[in-house]
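These figures come from a predicted structure and were not determined experimentally.
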4 protein chains.
Amino acid sequence: MSKKIPRSPSNDYTKEIAENRRQFLKEQTNVSLEHVGQFSFEPSMLPGNIENFIGVTQVPIGIAGPLLVNGEEAQGEFYIPLATTEGTLVASYNRGMKLLRESGGVTTTISDDAMQRAPVFIFANARQAREFGKWVKENFLEIKKQAESTTKVGKLRNIEQYCASKFLFLRFNFTTGDAAGQNMVSKATKVVCDWIRSNYPQIEHHYLESNFATDKKHSRINMLNSRGKRVTAEAIIPRHLLEKMMHTNLDLVYRSRNISNLGGFLSGVNNNGAHSANGITALFIATGQDVANVTESSAALVYVEITPEGDYYYSITIPSLIVATYGGGTGLATQKECLELLGCYGKDKVNKFAEIVAATVLCGELSLGTAIVSEDWITSHEQYGRNRP
Amino acid sequence: MSKKIPRSPSNDYTKEIAENRRQFLKEQTNVSLEHVGQFSFEPSMLPGNIENFIGVTQVPIGIAGPLLVNGEEAQGEFYIPLATTEGTLVASYNRGMKLLRESGGVTTTISDDAMQRAPVFIFANARQAREFGKWVKENFLEIKKQAESTTKVGKLRNIEQYCASKFLFLRFNFTTGDAAGQNMVSKATKVVCDWIRSNYPQIEHHYLESNFATDKKHSRINMLNSRGKRVTAEAIIPRHLLEKMMHTNLDLVYRSRNISNLGGFLSGVNNNGAHSANGITALFIATGQDVANVTESSAALVYVEITPEGDYYYSITIPSLIVATYGGGTGLATQKECLELLGCYGKDKVNKFAEIVAATVLCGELSLGTAIVSEDWITSHEQYGRNRP
Amino acid sequence: MSKKIPRSPSNDYTKEIAENRRQFLKEQTNVSLEHVGQFSFEPSMLPGNIENFIGVTQVPIGIAGPLLVNGEEAQGEFYIPLATTEGTLVASYNRGMKLLRESGGVTTTISDDAMQRAPVFIFANARQAREFGKWVKENFLEIKKQAESTTKVGKLRNIEQYCASKFLFLRFNFTTGDAAGQNMVSKATKVVCDWIRSNYPQIEHHYLESNFATDKKHSRINMLNSRGKRVTAEAIIPRHLLEKMMHTNLDLVYRSRNISNLGGFLSGVNNNGAHSANGITALFIATGQDVANVTESSAALVYVEITPEGDYYYSITIPSLIVATYGGGTGLATQKECLELLGCYGKDKVNKFAEIVAATVLCGELSLGTAIVSEDWITSHEQYGRNRP
Amino acid sequence: MSKKIPRSPSNDYTKEIAENRRQFLKEQTNVSLEHVGQFSFEPSMLPGNIENFIGVTQVPIGIAGPLLVNGEEAQGEFYIPLATTEGTLVASYNRGMKLLRESGGVTTTISDDAMQRAPVFIFANARQAREFGKWVKENFLEIKKQAESTTKVGKLRNIEQYCASKFLFLRFNFTTGDAAGQNMVSKATKVVCDWIRSNYPQIEHHYLESNFATDKKHSRINMLNSRGKRVTAEAIIPRHLLEKMMHTNLDLVYRSRNISNLGGFLSGVNNNGAHSANGITALFIATGQDVANVTESSAALVYVEITPEGDYYYSITIPSLIVATYGGGTGLATQKECLELLGCYGKDKVNKFAEIVAATVLCGELSLGTAIVSEDWITSHEQYGRNRP
């Protein structure tokens, strides 16, 4: 083989060139991409989202809800589109949403918000690295000016410093409006680095990234300091509702939670909860998020209590939920529709969307957390997930 | 609101009920799901994959390659379908595939394979938990028989034991053929637990899961002991090729890698490489994998060397790559086509597919790893990713 | 300066050469080491424990107890010698011991026991590394024979394998009798490596250690798989006793524990308990343990429950408690006396000693854990620790 | 038994009461504590360091050096007192010191300094916790005033905030002069908490500690943000010196380091170096430090390079080195002498001491790091450590 994939000399985003490529692939592999070739939108909307376009994956969407959210931006009931191929997932979240709806809804709070780029600066020795750190602090305002010269939306909030060896790792924290902002902060930080290099000649070298923003990776620093939104969803579920609707016993559920905390501490999880990644991934695919950010967004901190009244206080904090309602895949045909369904497409909607994601996650935690105890879990997978061996 | 989502009394997997639900959503939210409603397959194929079906997300696919793989199962050139909305991603992987092709291809090796379910057993005290552990070892063959009574494909390989407090956490490791196997092992382990409870009366209680399989979560135990496949992709890239094709200098690239290792060790990443989650996610969406498993599959171990000849040895080991070529979403319309494009649909293909995923990942590592050094990275995002703020 | 430290041509372990060295240091620094020079034993007992001997540190010992232990080896009451310079420490442990004594004592269980050396084997590629792993499994009995040829006490229990890149990391697990065993396992594993190299020519190189035994370091693998003894100490403390003796309220104490679990999960601790390192360090110094092993031994897993009767079940599991009652510093003058005080000097005593350490730790957990809640903690430090700013 | 340990009605720090207690222990256990009873100082210096004093542990000290330090405070040659019972340790560090002396010495840099206390504040929900965080920022100056009212030395530098669930964890960072400062910051933070409770009535409850200072425990947050001093020791060792003096080959040593980085990343160590805890523990015992702080102080970050000239750049950064030259055990008889030997007793010496500790550590890294490669390691343990099985 080693034949080159066709490219169009004039416009690479047409049905024709996509068709040419599928034809080329058929010649190479004898496989027809019939369904892949059936999409409902004009490829002219794709630049900025894909290269070498050939068609689409059609991921089925199931609808769950209504989800009742008591957020600061998201208020009221929402029907949640979940794009997944995993049987039982929609049913399970739906079950949790019903419980939470009956319980008065999910309260959501965003307590932090930042997007990072983290260059490293290399010196002859540790002492020079430390002195550079002082200079960075003293010149913060000028650095901020440089960074913000590249973007109307992004604001440089603060710069964290981490010394090790002869290096200074800088973590630039930006707010990025309704965009996830990874590219925005890369561009802004690049301009800052160039400016720094012109003004601080002792630097031996620098790299624009050094595993300290940890894009597309879980990290401890992002659990502590947040990448994206830090969102908490919490609710108090009346004991009798939980026991009746979930066919279980709250004391057993509570004990299961405590033992799972111990299990997770020992196994070294990034999430002491049950399965937040399921709901997050399904919502991310449906709404045009950068799905690889599930790596960061799947970290979570669960805390529960039995209240003095004997009910169940359940909270989940997602320290690094990376979402957008503008830019990236959010404007594509189906993705935009799903965001619109939530009232979350476009400007000034990103916090609302983050709250809806977190509230969805909490419903899934209660559904699976109680199913494990009642062992409904296996039987429901047998019922709904018969395609899944 | 709080209106209930329509369900069909007879068959919940028809175009009509999907249309009814979209109509219902329009009434509730005033949003038309026109594009969502345009799918090319019969909903009758969906049971086991989705509930409350309303339509699809159309995720654009770009094609990269050919990718040259020197695997044990995957051999030769492959065109790789990547479903993403992140501009630059396909171009970046494509660039890496070209480099690796010129360098002689990517060698892949699968060194482990297991899928887990991890119940916890509760005792009056630690001593009873320890004694139970001995009994489990002694009764392994009977436990294996019980487990395998529920499945033709799954085989119980071994049981890990972890003691803490008055609990014994058991990690059942199965091989699961061409399926990812999460449901298969749940069902099998449930049967084992029931058998154990009948035969070991001192157990106070048990839960079928306890954060020790760590499904849909990253964990240290899965980096060590593998969940899914443990796959290594490796290659030696001639210095002159790398420097010419990637417009960079190998010594700078090598230093960047070493500093990223330090940065990642300090920031506490689950992956000292660059961005394996990008390629994995795009392949997972395209081929009907359980995309939430990106959480486990995104962990990675990168190791590089400058060879005595001055070339670049690069390896990446993915300790928990969870993939399937059978079951789950693999049989859906577009997903199946993409697997077929790779020659990976159906029985006895899962290792081949795992090798292709790992080889793809390695290409992306070299592409981004060199771009960070040359700072092609920002400018190419500006070129390809103009939708991404 | 740069003057060389005096050495004795004949016998380096005499009072005279120690005195010469102190005299030499006085000439170099003008500092008299009067107290350092006052030790009560013959230096002739020191070979194997120290080089360039000049005298001793006198670490004050306080006595706590009696500690009531319901162990498998340690049974009854023990007076615990704690060598520390931290005011309040002895008083705090003593307070906990009184509470636990009144509560019926501490139950202790050893559930695992191993000491490691972890060589790495380097190959041309990952596939060769994997094949070597199979060969190691097949040749386990011969490897065991080689290993055990170097020691009367050490037994090779099993070999863990970890693949990454083109390497195979092997973790040799030995039991080592009453010794901690680090040197024993190093020697045995060296012999094994030499034998392997003679019999498996494809190995490119090997190193006898590779950060997989993680001697003198905390590691996740040792929390999971144990280095030294895995010991659990547990007790049920009647509510009224706890509340009366610790001047606190059990519900507040319980809530504090749960919040500390969350805090520790987020901050990334290796121990969700309070301060086990305090008691372990003090006992290690008193009894001639390798005190640097506090790094491994300080990891801990705490789990608590309120019992149906309303009392407090408290357990702490130390996954890697490294102790000896034979060899190392255990035979030195004061150290041996302290081991004898516990009935733990010499052969067949190491499990007894491990149980006493764990029971001591649990008492300290309850003392500090309740003091934080009652805030006795600060005031007692003011009372007892007035030297500590 | 259950007999109570004797206490003195008037003065608990005399030879008589210590003798009474030893006599009591003899009656209870039939063990004579002859050597324990032989100490050279007046017990009247002990209040604030120990309770229920019975005597001392005599830990042998070996002297290593001279160590050549190019610090900011520590400059020139130092003879290092190492209190240990582990054979080979002093010889190994001594060997490293010789290499580094010949190489021009060890350069040391302190880049951060803080001691923490971390209370948690509990609210009705996450939103209230977040609002409290804003109030804390706005009231920093008053909080600082409250904190510093309790201490002449301690200064409140900043307060970190971590939100999770309905809690706000605050990490108070103080500088504490020449003291380690744990008690100082506890007292100061207690006063702050009381003041906050009087001024912010919405707080439901608070606890003075919550596993976020992580005293006596390793934690990720302390690797990132430092507890105690953040110290880097670095040096360039000429290739020929290293190869001649350490009987090894630099390229093999370098490769061993890189593989150990990978091994440590996978095994999950808190220190990718060799054994810093050995030197730190021995120096801590000799100089009256709080030895349990080895748990925090043993974390380390090693980074190496082969320089363009072919020499070996080696650096180790200790992110949380907790040391004092004033207070605690530093003023005890032998401990004070050892600090004086280093010119480090008393006021304004703590940075000098921290630099000496870090420089010592680096020598030990090179000694063991090269010995593993040459396998001098096992044979030297056989020569020096014959007491250690």
Side-chain angles (χ1 to χ4, degrees), chain A residues 1 31 33 35-36 38 40 48-52 54 56-60 62-63 77 83 85 87 90-91 179 183 190 207 210-212 216-221 256 260 263-264 267-271 275 277-278 281 291-292 295 298 327-329 333-334 337 340-341 378 381 386-389, chain B residues 1 31 33 35-36 38 40 48-52 54 56-60 62-63 77 83 85 87 90-91 179 183 190 207 210-212 216-221 256 260 263-264 267-271 275 277-278 281 291-292 295 298 327-329 333-334 337 340-341 378 381 386-389:
Chain A
M1 282 197 279
V31 174
L33 298 170
H35 289 282
V36 166
Q38 296 188 54
S40 65
N49 291 114
I50 196 83
E51 299 84 44
N52 292 350
I54 60 166
V56 300
T57 306
Q58 299 177 36
V59 186
I63 197 83
E77 296 195 338
T85 61
V90 175
N183 293 343
K190 181 181 178 344
Y207 295 106
S210 54
N211 263 340
F212 241 96
K216 310 288 157 64
K217 280 164 275 193
H218 163 70
S219 68
R220 296 300 316 192
I221 201 173
S256 166
S260 285
S267 65
V269 291
N270 69 348
N271 176 345
H275 68 139
N278 272 329
T281 304
V291 186
T295 49
S298 61
T334 57
E337 287 177 357
E340 285 172 338
L341 184 67
I378 302 301
H381 266 275
R386 67 184 165 213
N387 262 5
R388 297 185 57 84
Chain B
M1 284 196 278
V31 174
L33 298 170
H35 289 283
V36 165
Q38 296 187 54
S40 64
N49 291 115
I50 195 86
E51 300 85 42
N52 291 353
I54 60 165
V56 299
T57 304
Q58 299 177 37
V59 186
I63 197 83
E77 296 193 339
T85 61
V90 176
N183 294 343
K190 182 181 178 344
Y207 294 108
S210 55
N211 263 339
F212 241 96
K216 310 288 160 63
K217 280 163 277 192
H218 163 70
S219 69
R220 296 301 314 192
I221 202 172
S256 166
S260 286
S267 65
V269 291
N270 69 347
N271 174 344
H275 67 140
N278 271 328
T281 305
V291 186
T295 49
S298 62
T334 57
E337 286 178 358
E340 285 173 338
L341 184 68
I378 303 301
H381 267 274
R386 68 186 162 208
N387 264 9
R388 295 185 56 83

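Chain A forms the most heavy-atom pairs under 4.5 Å with one residue out of B:His218, B:Gln58, B:Lys217, and that residue is B:Gln58. Ranked by heavy-atom pairs under 4.5 Å with chain A, the first of B:Ser40, B:Ala83, B:Ala333 is B:Ser40. Between chain A and the options B:Thr57, B:Asn52, B:Val36, heavy-atom pairs under 4.5 Å are most frequent for B:Thr57. Put simply, of B:Ile221, B:Val90, B:Thr295, the one with the most heavy-atom pairs under 4.5 Å next to chain A is B:Val90. The greatest number of non-hydrogen atom pairs below 4.5 Å with chain B, out of A:Ile54, A:Asn271, A:Val59, is found for A:Val59. For the set A:Ile63, A:Val291, A:Leu341, A:Asn278, the count of heavy-atom pairs under 4.5 angstrom toward chain B peaks at A:Ile63.
In this structure, the side chains of B:Asn270 and A:Ser219 stay at 4.5 Å or more apart for every pair of heavy atoms.
Closest approach of B:Thr85 and B:Pro60 over heavy atoms only: CG2-CD, 4.0 Å. In plain terms, the two heavy atoms of B:Ala91 and A:Glu51 that are nearest each other are N-OE1, 2.8 Å. Nearest approach of B:Ser260 to A:Asn211, heavy atoms of both residues: O-ND2, 3.2 Å.
For B:Val269, the parts lying under 4.5 angstrom from a heavy atom of chain A are both the backbone and the side chain. Contact of A:Thr281 with chain B is made through the side chain alone, with heavy-atom distances under 4.5 Å.
Counted by atom type alone, B:His35 and A:Thr334 present zero donor-acceptor pairs between their side chains at under 3.5 Å.
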